[in-house]
Amino acid sequence: MRALADALAARGVSLPVEQVALQLDWSGGEHGDLALPLHRPAKSLGRPPADLATELAAAFPPVAGLLPATAVGAFLNFTAEPRRLAETTLRSIFERGPAYGHLDGPAPPVCVEHTSANPTGPFHVGRVRNGIIGDTLARVLAATGAPVTSQYYVDDVGRQAAMITWIWSKPLPEWPQEIRAVLPAEDDPRERADRRLGRPYPAVSQYLKTHPEAAGEVQAISRALESGRPPASHHALVDKVLNGMLASLARIGIRFDELVWESRFLTTGEVERVVARLGAAPHAVTEPNGARAIDTSSYGLPKDSARVIVARGDGTTLYATRDVAYHLEKFSRFPRVIDVLGQDHHLHARTLDALLAEIGESRRPEFVIYQDITVPEGGRMSTRHGKAVYLDDLLDEAETRARAEILARHEDLPPEEVAAIARTIAASAVRYHILRVAPDKTVAFRWEDALSFEGRSGPFLQYSYARASSILRKAEAEAGPWPFDPDRLTTPPERALIKRLSLLPGVVARVARTTHVHALAGFAHQLAEEFNRFYETTPVLKAEAERASRLAVVAATRRALGNTLDLLGLAPLERM
RNA sequence: GGGCGUGUGGCUUAGUCCGGAUAGAGCACCGGGUUCCUAACCCGGCGGCCGGGGGUUCGAAUCCCCCCACGCCCGCCA
């Protein structure tokens, strides 16, 4: 299929119209696989487009793997020769196996930083959108042949982390009453650390607004953290909360190659060097109170935020300054650097760009910006405003429902297997539900949608995979691999399915280029849909002459769908 | 006020970067389908002046301009 564009371009030159190749477009419709609109060239020739189409169709030389070009109205249509498409597609899937859909590479090493939520407590669904996008992007980039490193930037020196240490370093009797009130009457030892240790956080945040003396204590801890003398319990505490949070993410398949602790850049002196470089920068200014700043008005930032403070009068630094140090380190290791950020960080991204420019750094991270997840009452999901749905709660509910669905279908499965399948279904439902929406679109969270196992959902993909597995399981007595005869794969559902299978590598390439991971989610649904149509209309095990060839189609679909699930971070299921 | 983003059937959305044929899908609703490989499925139907207006073009959901609505950001927080 790829060769088609080249073949046409080569011939296009010999045709009277030069810009032919530029008009090529995937139509994917009933008219053909590739369509060439001829309105423009016809106009420049002063001829009716339909005439030109007819003439070109007749004159177009045969191309290997293509049916003869046809003229429909003003369009010149090309269709892949189904026999050959089946042949090359199935063969490629069987040869490449788990790598089908992957590109040959190599591609330059890339760093994907995502999630990086402050270690202050459990994840709500809004925060998890970052990880779902980032983790999926990392998987797709790896499939292009790039060595990928995913990073979680742990802010262990900021005010948020200081708040956690502040409250937990006090003996319980000394806790302010309004904070203590949020603790449950009895400690549940089974509770994970992020939930237990993060529980007081919203109350602390509230309390500090009205209690300056407490805010002062937190400030003191903050300074201690920045100066590299953290309270004894600090690191272990943050580590515990963080590990609880990571366990939560692991439930939906999100994982990290590296945890990057922000404190590291302070202790190595890298932040200090950044401050020095910024002090010597072209637009460096010093505020009356001794704070160091950069005037970024020449970078087109909104004028109200044109002055970016990089160090306070007391010498302590701010998030943006430390982020510069972090990015310099990333640039030293990776030719390509991607940051996944919520839209509330958009201004920060532009500020970071400006600061990098100020110190003469020419490289920039690529930002993948996504919009909020909102709640039905309005506004975005937020722990502090008490408008949050926690990932664990959502997954727990999804598991409960999945279990009921499984039990309604299978009475004989051992409980452990039911539980394992339910976990997998729950994870895919939640992950897919977030993944399917374009990142620049706000997601309005609704329980009934997030818990859907039907239609455009993760479980639908898994169900399709399970159906394919089931057929192959039943056929196994006769053992694969299945030889196929392209001449026996001629029904419309078969052809449509095979065409879809052939598209996966192109989708991977496009997603890697655009970072639009939701497009892969869309492809997965189309593939599963195509397979289900095939499944409903085309007998496989009971077929006679076509049996082996159809089994090959099922095996190829199972493979390609499995690879796609893997790229999406969803687990395949042999039965469900 | 300034900046960024979004607006597509009742609801959720794809397509917008790179303009082309009848704007794809899911949910809901209506009507069908299981002696046959898992009905978490399939088939059919209903439902769209693509926020509004202007412009460019043979052709606009897509490009340009203006307006409206909604969300977020505009800290010596992160």
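A note on names: the letters A, B, ... follow the listed sequences, proteins ahead of strands, and every chain is numbered from 1.
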Any strand: nucleotide that pairs with [N] via Watson-Crick or wobble, under 3.5 Å:
N: rG20(B); result: rC58(B)
N: rA25(B); result: rU12(B)
N: rC4(B); result: rG71(B)
N: rG47(B); result: none
N: rA40(B); result: none

Have a look at [X] and say if it touches a base, only the backbone sugar-phosphate, or nothing, with a 4.0 Å heavy-atom cut-off.
X: Thr538(A); result: base
X: Asp323(A); result: nothing
X: Arg575(A); result: base
X: Ile406(A); result: base
X: Thr442(A); result: sugar-phosphate
X: Ile369(A); result: nothing
X: Arg401(A); result: nothing
X: His525(A); result: sugar-phosphate
X: Glu574(A); result: base
X: Ala438(A); result: sugar-phosphate
X: Arg312(A); result: base
X: Leu541(A); result: base
X: Phe460(A); result: sugar-phosphate
X: Asn532(A); result: sugar-phosphate

Do [X] and [Y] sit within salt-bridge range, that is, some charged N less than 4.0 Å from a carboxylate O?
X: Arg558(A); Y: Glu574(A); result: yes
X: Glu226(A); Y: Arg223(A); result: no
X: Glu405(A); Y: Arg401(A); result: no
X: Arg423(A); Y: Glu399(A); result: no

Quick one: [X] [atom1] to [N] [atom2], roughly how many Å, whole number?
X: Gln343(A); N: rG5(B); atom1: CD; atom2: P; answer: 11 Å
X: Glu544(A); N: rC36(B); atom1: CD; atom2: C1'; answer: 14 Å
X: Glu262(A); N: rA78(B); atom1: CD; atom2: P; answer: 8 Å

Q: Would you indicate whether the side-chain heavy atoms of Val238(A) and Trp261(A) approach each other to under 4.5 Å?
A: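 The answer is yes, as the side chains (C-beta and beyond) meet within the 4.5 Å cut-off.
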Q.
I'd like to know if the side chain of Thr316(A) pairs up with that of Arg312(A) as donor and acceptor (distance under 3.5 Å, no hydrogens or angles considered).
A.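 Yes, a side-chain donor-acceptor pair sits under 3.5 Å.
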Q. Looking only at side chains, do Ser297(A) and Asp295(A) share a donor and an acceptor under 3.5 Å apart?
A.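 Yes.
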Taking the side chain of [X] as its heavy atoms from C-beta onward, which of [options] lies nearest to it?
X: Glu405(A); options: rA40(B), rC74(B), rC72(B); answer: rA40(B)
X: Arg350(A); options: rU38(B), rA40(B), rG3(B); answer: rG3(B)
X: Arg409(A); options: rA40(B), rG71(B), rA78(B); answer: rA40(B)
X: Ile309(A); options: rA78(B), rC76(B), rA40(B); answer: rC76(B)
X: Tyr535(A); options: rC42(B), rC76(B), rC37(B); answer: rC37(B)
X: Met576(A); options: rC11(B), rG15(B), rU38(B); answer: rU38(B)

Q. Hey, is Phe75(A) stacking on rA21(B)? Ring centres under 5.5 Å, planes under 30°.
A.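 Aromatic stack with rA21(B) present for Phe75(A).
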Q: Please evaluate the base of rG59(B) for a donor-acceptor partner in the side chain of His39(A) within a cut-off of under 3.5 Å?
A: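 Such a pair does not exist between side chain and base.
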